[in-house]
Amino acid sequence: MSDKPLAPRDQGAPDYTKHLHPLMLKNYGEWVSHDRMRPGVLVHTARGGDKLYTVRAGSPRTMSADTVRKVCDIADKYCQGFLRFTSRSNIEFLCGDKNDLDNLIKAVEKDLGWPLGGTGPSVSNISHTQGWLHCNLPGTDAAGSVKAMMDDLIEEFRNENLPNRVHMATSCCQINCASHGDISVIVQHHHPPRINHNNMQICELPKVVAICPAAAIRPAVINGVETVEVVEEKCMYCGACHGQCPSMEIRDSETDSLSIWVGGKMSAARGAPTFMKLAVWGIPNNPPRWPEVSEAIRRILNAYKATGKPWERIGEWIDRIGWAKFFEMTGFPFTRYHIDDGPEALSNLNRSAMIRL
Amino acid sequence: MSDKPLAPRDQGAPDYTKHLHPLMLKNYGEWVSHDRMRPGVLVHTARGGDKLYTVRAGSPRTMSADTVRKVCDIADKYCQGFLRFTSRSNIEFLCGDKNDLDNLIKAVEKDLGWPLGGTGPSVSNISHTQGWLHCNLPGTDAAGSVKAMMDDLIEEFRNENLPNRVHMATSCCQINCASHGDISVIVQHHHPPRINHNNMQICELPKVVAICPAAAIRPAVINGVETVEVVEEKCMYCGACHGQCPSMEIRDSETDSLSIWVGGKMSAARGAPTFMKLAVWGIPNNPPRWPEVSEAIRRILNAYKATGKPWERIGEWIDRIGWAKFFEMTGFPFTRYHIDDGPEALSNLNRSAMIRL
Amino acid sequence: MSGKHDKNKAMTLHTPLLNELESGPWPSFFSDLKEYSKKKPVVVQLLNQLEESYENRWNYWIGKVLNAPGYGGGIIARVSEKADKYPGLANFHTVRVIEPPGWVYNTDALRNLADTAERNGAGILQFHGMTGDILLLGFSDEGSLQCVEDLMHDGWDIGGSGAALRTLQCCVGQARCEMACYDTMKVTKHLTDSFIHYLHRPEFVYKFKFKLSGCSNDCANSMVRSDMPIIGTWRGPMQVDQDKVAEFIDAKGMEYLIDNVLTRCPTRCLSVKGKTLQVDNDNCVRCMHCINVMHHALSPGKDRGVTILIGGHRTLKIGDTMASVLVPFMKLETDEDLEKLVEFVERVWEFWNDNGMDHERVGEFIARVGMGTFLKGIGVEPDPRMIRQPRTTSYIKFEELAPPRMDGEGNKMPPVWNREAEAVETA
Amino acid sequence: MSGKHDKNKAMTLHTPLLNELESGPWPSFFSDLKEYSKKKPVVVQLLNQLEESYENRWNYWIGKVLNAPGYGGGIIARVSEKADKYPGLANFHTVRVIEPPGWVYNTDALRNLADTAERNGAGILQFHGMTGDILLLGFSDEGSLQCVEDLMHDGWDIGGSGAALRTLQCCVGQARCEMACYDTMKVTKHLTDSFIHYLHRPEFVYKFKFKLSGCSNDCANSMVRSDMPIIGTWRGPMQVDQDKVAEFIDAKGMEYLIDNVLTRCPTRCLSVKGKTLQVDNDNCVRCMHCINVMHHALSPGKDRGVTILIGGHRTLKIGDTMASVLVPFMKLETDEDLEKLVEFVERVWEFWNDNGMDHERVGEFIARVGMGTFLKGIGVEPDPRMIRQPRTTSYIKFEELAPPRMDGEGNKMPPVWNREAEAVETA
Ligand code: SRM
Ligand code: SRM
Ligand code: SRM
Ligand code: SRM
Ligand code: SF4
Ligand code: SF4
Ligand code: SF4
Ligand code: SF4
Ligand code: SF4
Ligand code: SF4
Ligand code: SF4
Ligand code: SF4
């Protein structure tokens, strides 16, 4: 350790003005419109006429220090040293000079090897989480499965051929640090936690008892050890306890499976935000490339592409054609598990005689 | 008692064919259209061209044997002896001959003294319950308050001047045997039940404990008597226990009050059926004519009449103009009790940034 | 007997508050009963007690139990707390009578009811109770039993009460309505007669109500007031009379058509080409609106049947509960169809009554155990038309996947995701 | 030290499964790290462990707690179960760093981050974590502390974790978006700096997240992923450039306008007269759709501000929870406005933390106690714009009416129904 003074220094957020491209700083709050020049390239126009060019490319989110340096080299060369990342972990090179655009694009695609796209009605980058790379809870990987899915979806990323934007997400355990979107992949556990009673001393008992949403955990003494037990009937396999207490293991490499959810939306455009809904479950957790996941996603996107109308997000499209049609078009089975039994169970039923027949 | 054989005979429902007007029997399933000749008078046309005239009038629902006989006299004279009641307790005289119509109408209005109306976009008869006339649970009356309200609403019953049909209801306790509709009046209790511990033996303890939706009742021994007690914090003053066990008194003549609910709808026309929503609470329970109730209803109907569009039921109208506007137009205060805390609490919140500003 | 216990004790009517209910244009039940009380002394007592209720905002009735021999319901027995003062109200019961489906009457029948009510009791009738029954009010214990006996003799039957099947009610349907997609009266009678045992003898965990509407206008009020709404509907194309469409447009104007028909269709499946109306029948959800507005031009399709829903009831204990779809479509025409329905209902009852808790309506039961479990219990395949949207809750207990583990051995992933679709094939 | 405990133990990369992630057009984090592992031996260990995870579908990380002195969060500490085999992974922590609002960077700053990450740890960076932080991966205990120290020195601050305020995130906003209705970056920085104490020291019952979007397109993902979304909006009329409207119609056609704009407005408050667009501004709910489609012609109104919502979070424990309106509108421009916001947030926190249970997000807390109680607790008047519709549950505990009774004495009806409206006056 150095002998410099230690934290805390409570410095707060960086001064963003130092990180803004000069045109952004100059025209802050003065932007009046934008256009998409081609997939992956935006131009924003300011009141005074200034134009800022944005080249958006898919980033893997996780990168080595060397790759970060490569990115900086490009930005230094064509962007006066400024760039940004998007809320979906895409990179955006900010360029003030139209004449630099072609070289910038070449550098991004060739030197960096990152594809342009993710703008307009395309499939953008997939929000994701730590997976086996770093978290203590994952039942599957995140960055690896994103790589596999995006390889498959590359043309949907590079082009703007969908009815509206498709925002995808994938997470590595049921907690779902990322998973909410038009299409989202979730791991599911299928058993109550296995309890390692010998290791239990490390856990504050009341905390894990309190955290259980199903009130399924109760203190118990087993072989003289103070521990907990799980009432199997009540447990809903959520894994909340596992996050709190490593001695309660929720995962199972044989039975953990993946499910796909559709129709999540945060924007209020045309209608209130919506939760995502279960499309298909029981997909095998199949590293290194999870081909079954990609196939299922493809089925959804094909149906959406074929019958979605402009500006319809996936959830809006299904609402219009009806869920029966969605299951028919995708071929996913509709099972009793598709029928909600959570807090919104009653309002998710068809409480009317309105039916497509 | 006579010496005739006693029940049971399990005879089932009456043979309706014997109760059908000859034109109904002849054209059963063959009706092709209807028209409203004037408020309170319908004509239904059958495929073959037959026409059946219906004269609908407001009935008080509760009537003496003599009044029933008067009704029969009229039907015998002009309706070949056939009539019916509607699902809202209106009477419908069924008439096969157009030439009888005028006299029939005169007889209904003059001899019987019942007003024609309740058809099309009008306020129809108010569904109601037993009240102090017969039930063991009422906190207010039913037939009497309907009389008072309908006196006030008579022009809305007699004319078809509203955007769409208005179906009203009123009930005499929180159980609400009748109350679901476009506008509906509900009694509300404001305290946990008072328990008459000495009388408690008449009640099956487990039954009343089980019935409590809030799990607020628990067995107790008080002064050596086996009885129950109520956890005040949990009790929601629903009165379910009172219905089960007369020793648990939920009513209070000083504090019971009335509330008005709007926007209930059973039909699926234009959209799924909807629950009714709280409009205003804390209206005094003020027999014999409950003027405050009539005033509140009037405020709602005036606003509806002024800004509702054709075919909009009350709930649909409010959805279009927004609830803020509804409270503004009616002058009812919006209070924190208007915010739901029941099973649909979360989905009744505005879970979006969509706001009229 | 002293006057105190004389049921017909003479008494002066004293009703200053109730008198306020005599003015005004709406027919007054009070004026009617006041007049009638001249003939029926007990009605004076009734009105005087009612006056006390109005004065004190308090009720004086207490429930008790009375059954006709062999029956477990149909009489709602009430005794007055003020029986000392009003001996005629010591027992003052209501008898529920099953109405003719659709509430249609010939006057002989009505007169017969009036006579029976008057002969055996206070002579007060209500058309109708909120469940659909004819209600006859004001009988002593013996009067009630005699009334039941007389009703039986004259071909009537008594209605339901308690934890039993309740009296059914239906809209006027095909008897006088062009919208009716099935024979509501016939089905109501068939179900009533088939299940009359369950109506008369409380054997359920709680009450069960059917209401039958000929179309989704739901004039029988089934959606939130019956455990099993049966609602008429159709498959395939709606019937459109294009000549009448053109007439409608000529009469009302195009703007009226747009504002009141096209833009009000919940699935926006109507469009107009010139003066013809195009219906995207695959997306029509049979809401009835366009047919209501243009009923001369439009009518339900020809392949008709019903949608059966489940679980509606009012507010006790989980709050108002709207029924939801259980059988998206079934034909209900032949005797076979009717038998299929009867068997189906029995399956529903069996599962509910075997597993429901005391005083638990079937809708509350479903809310507790989940619709998925309920469907499995009654042996019905899930269908996406039963839901507004699939689950939004990500925690699921997959029974296929879970059970063996607690016994120590692991189980393998069944090939669920690519198994054959099941529900989309259900009719 | 034996090789076994050598953190930089040389090891051959053995990744047959992971190699499958090298083909295909999408940039491969694996290829990048594989290349980088030539320089950083510990990355070989990391990738070899990851390979084992791929092989066994199993995870080998275990959590532990590590804090920089004076801090209660910001380091996510992980130890490997396979530390014997991979000693470099014995401690392999992540440091969360507060990003510049809007994720904007100059390259000096980025290079500085890369250097710090490489110098003190494994040299792996993520742009960005799902909460918005910059994530630096792979530090030993000492490396973590040194990294934090270096970051501080270079002007960075570390992010939130645990039961504390979390790092804020906002959309690019006014820096590059014409839709932005307020200065998301400024507000994000202001709130971060004002509340930095709460971000660094876990003193809450559970985590609390802000996300800030410049308009209701919600590019910052606030609605279901933050406890307090702050979303830009406006009062009064939207801005319409009728010339550009005409251009739009000429270019795209009237049918396109109808199908993609007019009929897609959720409150149907748009209409067209000739080539001008009429907006019923009273009924516009600021959904942004028409502006999105016609962004050359339409833009938010001039009187701008924010809507503040409350209670969003993902699925633990009550399932996905959408935020709902708390403050329908407030201006957020002056220093005073900002201070008002800070005070308001503190009031919310106080009530939540005084009454919330352990591990209870504010949305879960509201779901438990009810929004009515919550508003009372934080001293905010109810407003109909907070709800989609008033209560549908008829059981209500009116505190004004209830309390005295249990002590024996009755209380009188307060004149509630005709009291002055309160909420409709709230701005
Ligand atoms: C850069 C970014 C903001 C940031 O600060 O990082 C951004 C930028 C823009 N968004 Fe966004 N959105 C960004 C994430 C989002 C998100 C959040 C997310 O994806 O997780 C949403 C909400 C998603 C949801 O609803 O679930 C989002 C919902 C929208 C919408 C609403 C779409 C809709 O119809 O529902 C618009 C409007 C539109 O498409 O015209 C929009 C429009 C835009 C515009 C056109 C705004 C503008 O005038 O500059 C910008 C991009 C043009 C383009 O074609 O891509 N942006 N946008 C984010 C880019 C993410 C990416 O790399 O793909
Ligand atoms: C007679 C009756 C059925 C019965 O078997 O008794 C009946 C009869 C008709 N109803 Fe109804 N409805 C009757 C109770 C209802 C109810 C139940 C209720 O009021 O409790 C409803 C559901 C109420 C709800 O949604 O909460 C009901 C919702 C409708 C609707 C849907 C209205 C809407 O837009 O939501 C229509 C369609 C229409 O108005 O064109 C309708 C239409 C009709 C038509 C036009 C059907 C026809 O072609 O004959 C009939 C009456 C004409 C008229 O102008 O009144 N009827 N109708 C009931 C008369 C009650 C009364 O005395 O007022
Ligand atoms: C007579 C009637 C009101 C009327 O004046 O029309 C009535 C009267 C009573 N109802 Fe009802 N209910 C009547 C229709 C209804 C309806 C409407 C309907 O059937 O469409 C409902 C709402 C629909 C439903 O079933 O949910 C209704 C929901 C209740 C409930 C609450 C049920 C629930 O699950 O929410 C109770 C309480 C109970 O069952 O414990 C109840 C209980 C009662 C009792 C038996 C009170 C008691 O528990 O002792 C009342 C007897 C009064 C009396 O002295 O006659 N009554 N009750 C209606 C029956 C007449 C008939 O047979 O035709
Ligand atoms: C790193 C990150 C995922 C990523 O790869 O980006 C992450 C990783 C973890 N999350 Fe998360 N969450 C991350 C963003 C989120 C988000 C997204 C967001 O903030 O927008 C959510 C959903 C939104 C929300 O807060 O509801 C999220 C919901 C959770 C939850 C469930 C919270 C809930 O109330 O539902 C937990 C469990 C808990 O808190 O007990 C959790 C717990 C965790 C823990 C700390 C696991 C644990 O309990 O030990 C993970 C540490 C992983 C690691 O080794 O670094 N993480 N977590 C994200 C934080 C990076 C950053 O600081 O920028
Ligand atoms: S989703 Fe689960 S496993 Fe993945 S990073 Fe979040 S907490 Fe960890
Ligand atoms: S998995 Fe979830 S429901 Fe089961 S014991 Fe753990 S916390 Fe409770
Ligand atoms: S609403 Fe209540 S008081 Fe009135 S009849 Fe029904 S149970 Fe009796
Ligand atoms: S009033 Fe309702 S909540 Fe209160 S004790 Fe009785 S049954 Fe329970
Ligand atoms: S429910 Fe339909 S069929 Fe029955 S009366 Fe009403 S409109 Fe006619
Ligand atoms: S019945 Fe309803 S859903 Fe069908 S076309 Fe008519 S309005 Fe549309
Ligand atoms: S949320 Fe609105 S202001 Fe922010 S980037 Fe998205 S469109 Fe622009
Ligand atoms: S912003 Fe949305 S609500 Fe407002 S006019 Fe445009 S489309 Fe309609």
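Chain A is the first sequence line, chain B the second, and so forth, proteins listed ahead of strands; every chain is numbered from 1.
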Peer 1: Just by distance, no angles: are the side chains of A:His167 and D:Asn221 close enough, under 3.5 Å, to form a donor-acceptor pair?
Peer 2: no
Peer 1: Considering only heavy atoms, which portion of D:Phe127 lies under 4.5 Å from any heavy atom of chain A: side chain, backbone, both, or neither?
Peer 2: both
Peer 1: Report yes if some heavy atom in the side chain of D:His289 is under 4.5 Å from a heavy atom in the side chain of A:Ser267; otherwise report no.
Peer 2: no
Peer 1: For A:Ile154, is it the side chain, the backbone, both or neither that has a heavy atom under 4.5 Å from a heavy atom of chain D?
Peer 2: side chain
Peer 1: Does the side chain of D:Glu178 pick up a donor-acceptor pair with the side chain of A:Ser33 at under 3.5 Å?
Peer 2: no
Peer 1: Let me know if D:Thr94 has heavy atoms under 4.5 Å from chain A in its side chain, its backbone, both or neither.
Peer 2: both
Peer 1: Please classify the contact of D:Leu46 with chain A as side chain, backbone, both or neither, using a heavy-atom distance under 4.5 Å.
Peer 2: side chain
Peer 1: With only heavy atoms counted, which part of D:Lys186 is less than 4.5 Å from chain A, the side chain, the backbone, both or neither?
Peer 2: both
Peer 1: Quick check with a 6.0 Å cut-off and a 45 degree axis cone: is A:Arg251 positioned over the face of D:Trp58's six-membered ring?
Peer 2: yes
Peer 1: Which bit of D:Ile158 is near chain A, if near means a heavy-atom gap under 4.5 Å: side chain, backbone, both or neither?
Peer 2: neither
Peer 1: Fit a plane to each ring of D:Trp61 and A:His134, take the angle between them on a 0 to 90° scale, and name the class: parallel (under 30°), tilted (30 to 60°) or perpendicular (over 60°).
Peer 2: tilted
Peer 1: If I measure from the heavy atoms of chain A, does D:Leu21 come under 4.5 Å with its side chain, its backbone, both, or neither?
Peer 2: both
Peer 1: Does the side chain of A:Thr67 come under 3.5 Å of the side chain of D:Asp32 through a donor N or O and an acceptor N or O?
Peer 2: yes
Peer 1: Given that the side chain runs from C-beta out, which part of A:Leu94 has a heavy atom under 4.5 Å from chain D: side chain, backbone, both or neither?
Peer 2: side chain
Peer 1: Just say parallel, tilted or perpendicular for the rings of D:Trp156 and A:His19, cut-offs at 30° and 60°.
Peer 2: tilted
Peer 1: Identify which part of D:Met179 has an atom lying under 4.5 Å from any heavy atom of chain A, answering side chain, backbone, both or neither.
Peer 2: side chain
Peer 1: For D:Ser23, is it the side chain, the backbone, both or neither that has a heavy atom under 4.5 Å from a heavy atom of chain A?
Peer 2: both
Peer 1: Please classify the contact between A:His44 and chain D as side chain, backbone, both or neither, with a heavy-atom cut-off of under 4.5 Å.
Peer 2: side chain
Peer 1: Using non-hydrogen atoms only, which part of A:Cys79 is less than 4.5 Å away from chain D: side chain, backbone, both, or neither?
Peer 2: neither
Peer 1: Given heavy-atom pairs under 4.5 angstrom as the criterion, report whether the side chain, backbone, both or neither of D:Leu110 touches chain A.
Peer 2: both
Peer 1: Given heavy-atom pairs under 4.5 angstrom as the criterion, report whether the side chain, backbone, both or neither of D:Glu99 touches chain A.
Peer 2: backbone
Peer 1: Need one label for D:Cys170: side chain, backbone, both or neither, based on atoms under 4.5 Å from any heavy atom in chain A.
Peer 2: neither
Peer 1: Side chain, backbone, both or neither: which part of A:His128 has an atom under 4.5 Å from a heavy atom of chain D?
Peer 2: backbone
Peer 1: What part of D:Tyr182 gets closer than 4.5 Å to chain A, counting heavy atoms only: side chain, backbone, both or neither?
Peer 2: neither
Peer 1: Below 4.5 Å from any heavy atom of chain A, which atoms of D:His128 appear? Answer side chain, backbone, both or neither.
Peer 2: both
